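All values below were derived from every heavy atom in this structure, side-chain atoms included, with hydrogens, water molecules and symmetry-related copies excluded. So that the names make sense, note that chain A is the first sequence line, chain B the second, and so on, each numbered from 1. All values reported here derive from a predicted model rather than from experimental measurement.
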Amino acid sequence: MTSSAAQDRDAVRVWLRRFVKPEALTGYFMISPALFLILVLLAYPFGLAVSISLTDRILGVPGKFLGLTNFLKLLQDPLFLETARNSLVYTVSTVSLKLLLGLILAQLLNQEFRYRNVVRGLILLPWIVPTSLSVLTWLWMFDSLFSVINYMLLGLGIISRKINWLGDTFWAMVSVVIVNTWRGLPFFAVSILAGLMTIPDALYEAAEIDGARWHRKYWHVTLPLLQPIIAVVVLFSTIWTFADFQIVYILTHGGPINATQIFSTMAYDVAMVAGRIGEGAAISLFLFPILLIVIVCMLRYLRRE
Amino acid sequence: MKRKRVRVIKRILGLYLPLAAFLFFALFPFYWMAISSFKTNPELYNLRMNRLVIKTPTLEQYRELFEKTEILKWLFNSFFVSFMTAIISMVLGILAGYAIARLNFPGAKGFGVATFITYLVPTTLLFIPLAKVVQSLGLSNSIWSLIVTYPTFLIPFCTWMLIAYFKSIPRSIEECAMVDGCTRLRALIQIVLPMAIPGIIFSGMFSFTLSWNEFVYALTFISSTANKTISVAVPTTLIRGDAYFWGELMAASLVGSVPVALFYSFFMDYFISGMTAGALKGV
């Protein structure tokens, strides 16, 4: 009896020693600043978001506890349902466009041609330049009176009447999708390009010996090998696009008549403009389940690697 | 002869034409931004002229911008915030990344996964409660609110990036040094860091760019014009009510975009190698 207690004590001591040996102490010391910052400014605000969302807090007034009322009310609010639908349309259409165009562009950039590095650098520009500033340019390009896009399309005879880009409910969504695709395409193209460059030529040569044409090579060699990168890029882009703010905020402010309202712009309007902090926090938190799905998929991929 | 011509046509249709289309799509907005900023107001709003070229180039819009707005202050704010946050995140990222990649302690792996998850958390999820945290820290309406909060999304990125870099450096090199009596800190500073320079530069410049471009926090935390960063100041203060002064707006957009574009052109090689080596190996 006594001996087993002593054994237990020894086991505990051995277990504890793992935490206090010099290497472990150095490790904890080195991660502590980062950990501290993340806990104070990420974990704590997250808890705060949940607790605010359960109240009817408005700007400057603490508010009282409501339980899940904010969430339940939102789920019955037609404006919120439209916002959720818009966010879904926005994300699904831009992510699939970026993926499709990204695959094509990466294939082009992987070929040999003069000034290839310069071209690769130029292609990256939309992704590097501050989005709020480049979107201002798009706002000017979509201007109802002076739209240069209309000017070119009319000049080329592609359209016969001016398109009211940002004033029409359908075209407004098209506009924000175009701009998001424009900004995000370089990330897709360059990531996929990095994947393409790791595929050994020998695999293509082997396929050629077997008589495979280009589309079969692409389907049976390229795509399967790109799959991990594609998965990661799509997951990243999904969460970024769902949570995107600047493009819609600057181009349409969610209008016309909420046709492009998405989660983040509605949360901003409700919390910061109308001052209903509790409800705004609840809208933001609807991003959380999507984030969770992305995290789970991502971790599954990481583990498999 | 004929086969050669077929090959040329194939190359034009299969490479140059689509590539030109992509380049046009990517670059036309910048062209439009630039030429709009060098036009006079009458030319800017004249629908009867050829709008894709400049007839009488002028610096009028830039003169207006630098004389009548606080653009230099905004540029300084952006520089200061981006520089400070990049340094903070790089230092903390090096410490945490090295610990996770090299040191053996319980929880190291869990912390690595946690940083990856925090990297995925979008800023729009937490801007409302963070505004309250910033307020209770007494930092509302100060650029320090940004210097404190930006590292929350930069440190996870830097850490994750640098883990991949540190792991690619052979362990034996620093072990040799430590056998020779070098402390771990000296081994880190004198042996590991110099070998990880491409990764460190890449994560530093990427952090700088992310800070320079950040919008939601800067929009929410800062209200007075003089304390804004350029990415928020231009779309919020240069648009007066419903009046858009497009020439001035485009000039300001160009001024705010050029620093990051220049920055990238200098470090392009690091960027491509970082993107291909570290970023994707990491994830």
Is a side-chain donor or acceptor of Tyr264(B) paired with a backbone partner of Ile128(A) at a separation under 3.5 angstrom? no
Between Phe25(B) and Trp138(A), what is the ring plane arrangement, given parallel below 30°, perpendicular above 60°, and tilted in between? perpendicular
With a cut-off of 6.0 Å (strictly less than), are more than 12 heavy atoms of other residues, nucleotides or ligands near CZ of Phe36(A)? no
Given a strict heavy-atom distance threshold of 4.5 Å, which part of Thr265(A) is in contact with chain B: side chain, backbone, both, or neither? neither
Do you know which of Ile104(A), Leu139(A), Val135(A) has the most heavy-atom pairs with chain B at a distance under 4.5 angstrom? Leu139(A)
Within the 4.5 Å heavy-atom criterion, are Pro186(A) and Phe22(B) side-chain neighbours or not? no
Is Ile31(A) close to Thr159(B) at the side-chain level, that is, under 4.5 Å between some pair of heavy atoms? no
Winner by heavy-atom pair count (cut-off under 4.5 Å) against chain B, out of Ala271(A), Ala267(A), Pro126(A), Ser134(A): Pro126(A)
Please work out which of the three classes, parallel, tilted or perpendicular, describes the rings of Tyr45(B) and Trp140(A), given edges at 30° and 60°. perpendicular
Counting only non-hydrogen atoms closer than 4.5 Å, does Leu19(B) touch chain A with its backbone (N, CA, C, O), its side chain (CB onward), both, or neither? both
Do the ring centers of Trp127(A) and Phe206(B) come within less than 6.0 Å of each other? yes
Treating Ser284(A) as the side-chain partner and Thr124(B) as the backbone partner, does any N or O pair qualify as donor plus acceptor under 3.5 Å? yes
So which residue, Thr26(A), Leu133(A), Ile283(A), ends up with the most heavy-atom pairs under 4.5 Å with chain B? Leu133(A)
Heavy-atom pairs under 4.5 Å with chain A are the metric here; pick the option from Val133(B), Leu120(B), Val134(B) that has the most. Leu120(B)
Taken to the nearest 0.5 Å, the spacing of Tyr150(B) OH from Leu41(A) CG works out to 13.5 Å
Non-hydrogen atoms of chain B under 4.5 Å away: do they reach the side chain of Leu235(A), the backbone, both or neither? neither
Selection from Val216(B), Thr152(B), Thr123(B), Ile239(B) maximising heavy-atom pairs under 4.5 Å formed with chain A: Thr152(B)
Using modelled atom types only, decide if a donor and an acceptor are shared between the side chain of Ser231(B) and the backbone of Ser132(A) within a distance under 3.5 Å. no
Which atoms of Gln111(A) approach chain B - backbone, side chain, both or neither, heavy atom under 4.5 Å: side chain
Interatomic distance, CZ@Phe113(A) vs CZ@Arg11(B), rounded to 0.5 Å, equals 8.5 Å
Quick one: does Asp143(A)'s side chain get under 4.5 Å of Tyr244(B)'s, heavy atoms only? no
Quick check on the 6.0 Å ring-centre criterion: do Phe30(B) and Trp182(A) meet it? yes
Do Phe116(B) and Ile295(A) have side chains that get closer than 4.5 Å, going by heavy atoms? no
Is the shortest side-chain heavy-atom distance between Met30(A) and Ile94(B) below 4.5 Å? no
